[in-house]
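Presented below is the structure to which this report refers.
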Amino acid sequence: MNDTETKGITLRILSGVLFTGMALCVKMASGHAPLGQIVFARSFFALLPLVLFLWLRGEWPNGLATQRPFGHLMRSALGAAGMFASFATLARLSVAEATMLAYLSPLFTALIAAAFLSERLTRGRILGIGLGLLGVALATGPQIWAGQGAAETSLSGYGLGLLTALLTALALIMVRRLSQTETAGSIAFYFIVVSMLGGLMTLPYGWVWTDEKTLVFLVLSGLFGGGAHIAMTLAFRYAEASRLAPFEYLALVWAFLADQIFFATSLPLTTLAAIGVILVGSILAAADGRGARKPA
């Protein structure tokens with residue numbers, strides 16, 4: 001492994017830590033600010049590091065020129081809806097559980113790509129999807145039998161987590177198409193702007209004047225989220241996707257640590273087993289997907 005690959009791997013690990021920091025800040029703020037206000041703050045404060053990054057790369061503002069405004073609108077709308085669903089999930093579940101459900105997106109991507117893009121649904125992908133479904137059943141089964149109260153909150157969280165994974169998969173397919181003609185900076189910029197406007201539209205439904213602690217969490221959620229996107233973008237400049245893929249799953253480790261340190265969360269054995277099963281399924285789907293192409 002050369003120095004360039006080491007730099008790429010380090011940046012990929014850093015992006016995972018920053019994304020976990022963002023999720024932690026969102027969860028901390030979720031009990032003190034409404035969902036739309038959190039989405040707006042996360043998006044608004046993420047613009048600061050992103051614009052600075054684009055300016056340093058000489059892509060501001062010329063790099064924002066686009067040939068496909070409607071494509072950006074579709075991708076950004078899906079991403080914004082996914083952000084709303086993701087933050088609602090974090091309000092109901094632990095950081096580790098929310099992160100686990102996010103790893104279902106490669107499975108949804110495989111299904112959608114097979115259905116609409118004529119990509120092969122290989123045995124590896126089918127196995128990955130099956131393991132993903134098994135993992136969700138393991139995680140939600142005890143909640144269904146439990147019935148009411150906190151269990152209902154958890155079940156709604158799992159439903160929102162599945163919706164997040166589906167919306168993320170749809171957004172990623174759009175990113176794949178946009179990347180053929182658009183810069184990574186423009187894709188990220190328009191997504192953040194649309195998410196910010198989506199959050200702003202909830203202002204009439206009751207934003208709150210937050211205390212200083214919550215405000216810090218809101219600001220940090222944006223800075224961490226923006227920094228994470230930048231670190232991930234730079235990582236792919238220094239190392240190939242296949243080289244970086246194993247380090248993506250370290251995010252679950254950071255999520256577990258965050259839950260233990262800040263919330264002293266104790267997950268049941270069925271949830272821990274579900275996380276392992278979904279993780280294996282996601283790795284299989286992602287790894288198999290890199291080699292699969294449209295049939296000749």
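Not measured: the values here are computed from a predicted model.
- With rounding to the nearest 0.5 Å, the separation of OG1 in Thr4 from CD1 in Ile9 is 11.0 Å.
- Under the 3.5 Å distance criterion, with hydrogens and angles disregarded, a donor-acceptor pair is assigned to the side chains of Thr66 and Glu182.
- Side-chain atoms of Ser105 do not come within 3.5 Å of backbone N or O of Ala165 as any donor-acceptor pair.
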Exercise. What's the verdict on side chain to side chain contact (heavy atoms under 4.5 Å, CB included) for Phe256 and Leu272, showing C-alpha distance, side-chain angles and the deciding distance?
Worked result: CA-CA 10 Å; Phe256 272 118; Leu272 293 174; 3.7 Å; yes
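- Not counting sequence neighbours, Arg68 has no partner by the salt bridge (Lys or Arg N to Asp or Glu O under 4.0 Å) test.
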Solution key, residues 18-40 side-chain donor-acceptor pairs under 3.5 Å, sequence neighbours excluded:
| unit_1 | atom_1 | unit_2 | atom_2 | d |
| --- | --- | --- | --- | --- |
| Thr20 | OG1 | Gly16 | O | 3.0 |
| Lys27 | NZ | Leu90 | O | 2.8 |
| Lys27 | NZ | Leu93 | O | 2.7 |
| Ser30 | OG | Lys27 | O | 2.7 |
| Gln37 | OE1 | Val208 | N | 3.0 |
| Gln37 | NE2 | Val208 | O | 3.1 |

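- Expressed to the nearest 0.5 Å, how far CE of Met196 lies from OG of Ser76 amounts to 11.5 Å.
- A chain of hydrophobic side-chain contacts below 4.5 Å, direct or via other Ile, Leu, Val, Met, Phe, Trp or Tyr residues, connects Phe84 to Phe45.
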For this session: Apply side chain to side chain contact (heavy atoms under 4.5 Å, CB included) to Leu234 and Phe53, showing your working.
Result: CA-CA 10 Å; Leu234 289 174; Phe53 174 65; 3.8 Å; yes
Problem set entry | Derivation and outcome, side chain to side chain contact (heavy atoms under 4.5 Å, CB included), residues Arg75 and Leu170 | CA-CA 8 Å; Arg75 177 270 183 271; Leu170 290 169; over 6 Å; no
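- For the atom pair CG (Leu167) and CG (Leu162), the distance works out to 11.0 Å, reported to the nearest 0.5 Å.
- At distances below 3.5 Å, not a single donor-acceptor pair connects side-chain atoms of Asp259 with backbone N or O atoms of Ser94.
- With contacts defined as side-chain heavy-atom distances shorter than 4.5 Å, the pair Leu11/Lys7 qualifies.
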Problem set entry | Chi angles and distances behind the side chain to side chain contact (heavy atoms under 4.5 Å, CB included) call for Ile112, Leu166 | CA-CA 9 Å; Ile112 295 168; Leu166 175 60; 4.0 Å; yes
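- The shortest distance between side-chain heavy atoms of Leu104 and Leu101 falls below 4.5 Å.
- Note on Trp60: it clusters hydrophobically with Ile192, by side-chain heavy-atom contacts below 4.5 Å among ILVMFWY residues.
- The line from CG of Asn62 to CG of Leu54 is 11.5 Å long, rounded to the nearest 0.5 Å.
- A donor atom on one side chain and an acceptor atom on the other are not found under 3.5 Å apart for Arg42 and Ser221.
- Judged purely by distance below 3.5 Å, without hydrogens or angles, the side chains of Thr183 and Ser186 pair a donor atom with an acceptor atom.
- Applying the salt bridge (Lys or Arg N to Asp or Glu O under 4.0 Å) rule to pairs touching residues 49-66 yields Arg57-Glu59, sequence neighbours excluded.
- Residues Ile187 and Phe191 fail the side-chain proximity criterion, which asks for heavy atoms closer than 4.5 Å.
- Using modelled atom types, no side-chain atom of Ser15 and backbone atom of Ala228 make a donor-acceptor pair closer than 3.5 Å.
- Tyr190 places a side-chain N or O within donor-acceptor distance of the main-chain N or O of Leu64, the cut-off being under 3.5 Å.
- When all heavy atoms are compared, the tightest approach of Gly135 to Ala274 is O-CB, 3.1 Å.
- Val51 and Leu220 fall within a single hydrophobic cluster, where Ile, Leu, Val, Met, Phe, Trp and Tyr side chains are chained together by heavy-atom contacts under 4.5 Å.
- Note on Leu197 and Leu48: same hydrophobic cluster, where clusters join Ile, Leu, Val, Met, Phe, Trp and Tyr whose side-chain heavy atoms are under 4.5 Å apart, directly or indirectly.
- Looking only at side-chain heavy atoms (C-beta outward), Leu178 and His72 come within less than 4.5 Å of each other.
- Counting heavy-atom neighbours within 6.0 Å of Ile261 CD1, excluding the residue itself, gives a total above 12.
- Between the side chains of Glu97 and Tyr158, at least one donor-acceptor pair of N or O atoms lies under 3.5 Å.
- Of the possible donor and acceptor atoms, one in the side chain of Arg92 sits under 3.5 Å from a partner among the backbone N and O of Ala88.
- Residues Leu252 and Ile275 form a side-chain contact, since some pair of their non-hydrogen atoms from C-beta on lies under 4.5 Å apart.
- A donor-acceptor pair under 3.5 Å is absent between the side-chain atoms of Thr214 and the main chain of Thr210, judged by distance alone.
- Shortest non-hydrogen contact noted between Thr202 and Trp207 is OG1-NE1, 3.0 Å.
- Closest heavy-atom contact between Pro49 and Gly226: CG-CA, 4.0 Å.
- Once rounded to the nearest 0.5 Å, the distance linking CE of Met74 with CZ of Phe70 reads 5.0 Å.
- Here the straight-line distance linking atom CG of Leu160 with atom CG of Leu155 works out to 11.0 Å at 0.5 Å rounding.
- Hydrophobic cluster membership is shared by Phe87 and Leu203, with clusters built from Ile, Leu, Val, Met, Phe, Trp and Tyr side chains linked at under 4.5 angstrom.
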